[in-house]
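Everything below concerns the one structure shown next.
Quantities reported herein were computed from a predicted structural model and do not represent experimental measurements. Residue numbers start at 1 and run along the sequence shown. Remember, it's 1-based here, ligands and their atoms both numbered in the order they're listed.
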Amino acid sequence: MAKVLCVLYDDPTDGYPTSYARDDLPAIDHYPGGQTAPTPGTVDFTPGHLLGSVSGELGLRRFLEDAGHTLVVTSDKDGDGSVFDSELPDADVVISQPFWPAYLTPDRIAAAKNLKLAITAGIGSDHVDLDAAIAHGVTVAEVTYCNSISVAEHVVMTTLALVRNYLPSHRVVLDGGWNIADCVARSYDLEGMHVGTVAAGRIGLAVLRRLAPFDVRLHYTDRHRLPVAVEEELGLTFHESAAAMVPHCDVVTVNAPLHPETEGLFGDELIATMKRGAYLVNTARARIVDRDAVERALRGGQLAGYAGDVWFPQPAPADHPWRTMPHHGMTPHISGSSLSAQARYAAGTREILESWFAGRPIRDEYLIVDGGALAGAGAHSYSVGG
Ligand code: NDP
């Protein structure tokens, strides 16, 4: 029987919800391109309920305990003597979400003698040291596509919020004011702007598709080029690299995984080549940009705005400079954890566990590392050796 150690974010400050704003979720059984949404045998939760916090338990407890397994759920993941560290040495499976990542460092992986499977309940497994997972034969899997559209919606929302100066204008209302000029002195239309994405995978392409009706000029860079038909349909301009693309763009959105090729990509040097007053939207991973270079560029006016929801480390400390830098539209890491997304990644986590316990292969599209090497989706989108 297995011990499953699950690290989830805390419940709401006023307690686990007893009612919800809406009664149902739209039924989504396929993603763009045809991949099916998760297909576990069954689920023991109500889609639309809060599943990603400690009391939600990703809806896994009954399933695991009925089969004789042990489930430990905690939010206490960092610092000396954390529950995570004390429970890790005999855990067979670790589950965590990128929003509240259980960092599986080389030291922790070495300490976790029984660890065989690390599941990301979401997308993006950079909180797991993939080199160490490969060396120790740990399988890493994530729920590919479960929240890609959720994130794409957030990218569109924050792009518009920055360009149109939405958040400061909302603040004027909250503060009882009515100075129109305060609101509009930094407000523009997105129409006609050049928007580029670093990576046109599931999220990046969904962003391009959603922005096309705004009559913008669309650009992208990626390791693999999109089909010609897609480029023509959306009027895309392809660039060989981020460096080649960003000087042309008014808005740049980052939608690549964090791995050795992308870490630190947006530093002082690259940001200096962007148009003065460009906007940078990063919902991918914080360490793809240089924290202090972003703050400098906002204070100096090279960037007109920065938004996203990814920080390092997570949770971000109270004195993180991005909380107080000017012209930002940051949120905590939430874009991929809407109640809609939670229902999908909880089901996907269960599907992965059902396959694992039954000795069936995990879907190739969910695999990041398997059999001591990058595998499945991971072999396509990640690199190791960082
Ligand atoms: P995909 O795997 O579908 O897309 C990733 C894309 O990045 C692929 O097209 C890949 O290229 C491309 N890529 C990889 N390396 C580079 C590089 N060096 N330069 C340019 N492009 C590169 O993943 P998703 O779109 O679903 O997710 C992307 C990332 O977004 C995740 O890895 C995660 O970090 C983040 N994310 C954030 C969430 C949030 O809540 N904020 C939620 C979900 C994801 P190719 O495959 O062509 O080699």
Side-chain angles (χ1 to χ4, degrees), residues 9 31-33 35 52 96-101 120-128 130 140 142-158 196-210 219-227 230 236 238-246 252-266 270 281-289 307-312 314 330-338 340-342 344-345 348 364-368 374-386:
Y9 46 78
Y31 303 119
Q35 180 185 319
S96 85
Q97 307 161 100
F99 325 104
W100 192 259
T120 302
I123 303 172
S125 297
D126 49 276
H127 58 283
V128 180
L130 298 184
V140 181
E142 60 185 45
V143 190
T144 306
Y145 233 142
C146 64
N147 56 14
S148 302
I149 302 303
S150 324
V151 177
E153 290 186 1
H154 196 95
V155 173
V156 173
M157 175 183 76
T158 47
T197 174
V198 177
R202 293 172 182 86
I203 296 173
L205 180 56
V207 169
L208 293 169
R209 285 194 184 288
R210 277 155 183 74
H219 302 250
Y220 80 103
T221 182
D222 197 293
R223 298 196 305 190
H224 300 89
R225 206 157 165 171
L226 291 166
V230 176
L236 304 180
F238 172 76
H239 301 266
E240 290 292 341
S241 64
M245 182 182 80
V246 301
V252 173
T253 158
V254 185
N255 298 296
L258 172 65
H259 61 128
E261 286 173 20
T262 56
E263 185 164 2
L265 181 63
F266 282 84
L270 187 61
V281 175
N282 174 18
T283 50
R285 284 297 179 260
R287 285 190 293 144
I288 296 175
V289 305
D309 67 333
V310 283
W311 309 66
F312 185 80
Q314 291 188 173
M330 293 298 293
T331 62
H333 194 166
I334 56 159
S335 64
S337 196
S338 58
S340 323
Q342 288 174 43
R344 291 188 292 272
Y345 66 68
D364 215 37
E365 60 220 17
Y366 291 166
L367 286 174
I368 302 299
L374 289 175
H380 191 76
S381 287
Y382 283 81
S383 63
V384 288

N147 N/O under 3.5 Å from ligand 1 N/O: no

4.0 Å heavy-atom contact, S335 with ligand 1: yes

Donor-acceptor pair, side chain of N282 and main chain of G308, under 3.5 angstrom: no

Under 3.5 Å: N/O of G336 near N/O of ligand 1: yes

Atoms in ligand 1 with a heavy atom of T262 nearer than 4.0 Å: 17 (C), 18 (N)

Nearest neighbour in protein (non-hydrogen) for atom 11 (O) of ligand 1: D222 OD1, 2.8 Å

Distance-only N or O hit between ligand 1 and D309, under 3.5 Å: yes

Plane angle bin for F99 and Y9 - parallel if under 30°, tilted between 30 and 60°, otherwise perpendicular: perpendicular

For V151, the ligand 1 atoms whose distance to one of its heavy atoms is below 4.0 Å: 38 (C), 39 (C), 40 (O), 42 (C), 43 (C)

Test side-chain hydrogen bond (donor to acceptor under 3.5 Å, both in side chains) applied to S125 and E142, step by step: CA-CA 7 Å; S125 297; E142 60 185 45; 2.6 Å; yes

H380: numbered ligand 1 atoms lying under 4.0 Å from its heavy atoms: 45 (P), 46 (O), 47 (O), 48 (O)

Min N/O separation E261 to ligand 1 under 3.5 Å: yes

Polar atom proximity, H224 to ligand 1 (N or O, under 3.5 Å): yes

Distance from atom 22 (C) of ligand 1 to nearest protein heavy atom, with residue and atom: R223 CG, 3.8 Å

Counterpart residues, side chain to side chain donor-acceptor pair (under 3.5 Å), relative to Y31 (two or more places apart): none

H239: ring-ring contact (aromatic ring centres under 6.0 Å, His included) partners, not counting sequence neighbours: H219, H248

Close approach, H259 and ligand 1, non-hydrogen under 4.0 angstrom: yes

Atom 13 (N) of ligand 1: the protein heavy-atom neighbour that sits closest, reported with distance to 0.1 Å: P257 CD, 4.0 Å

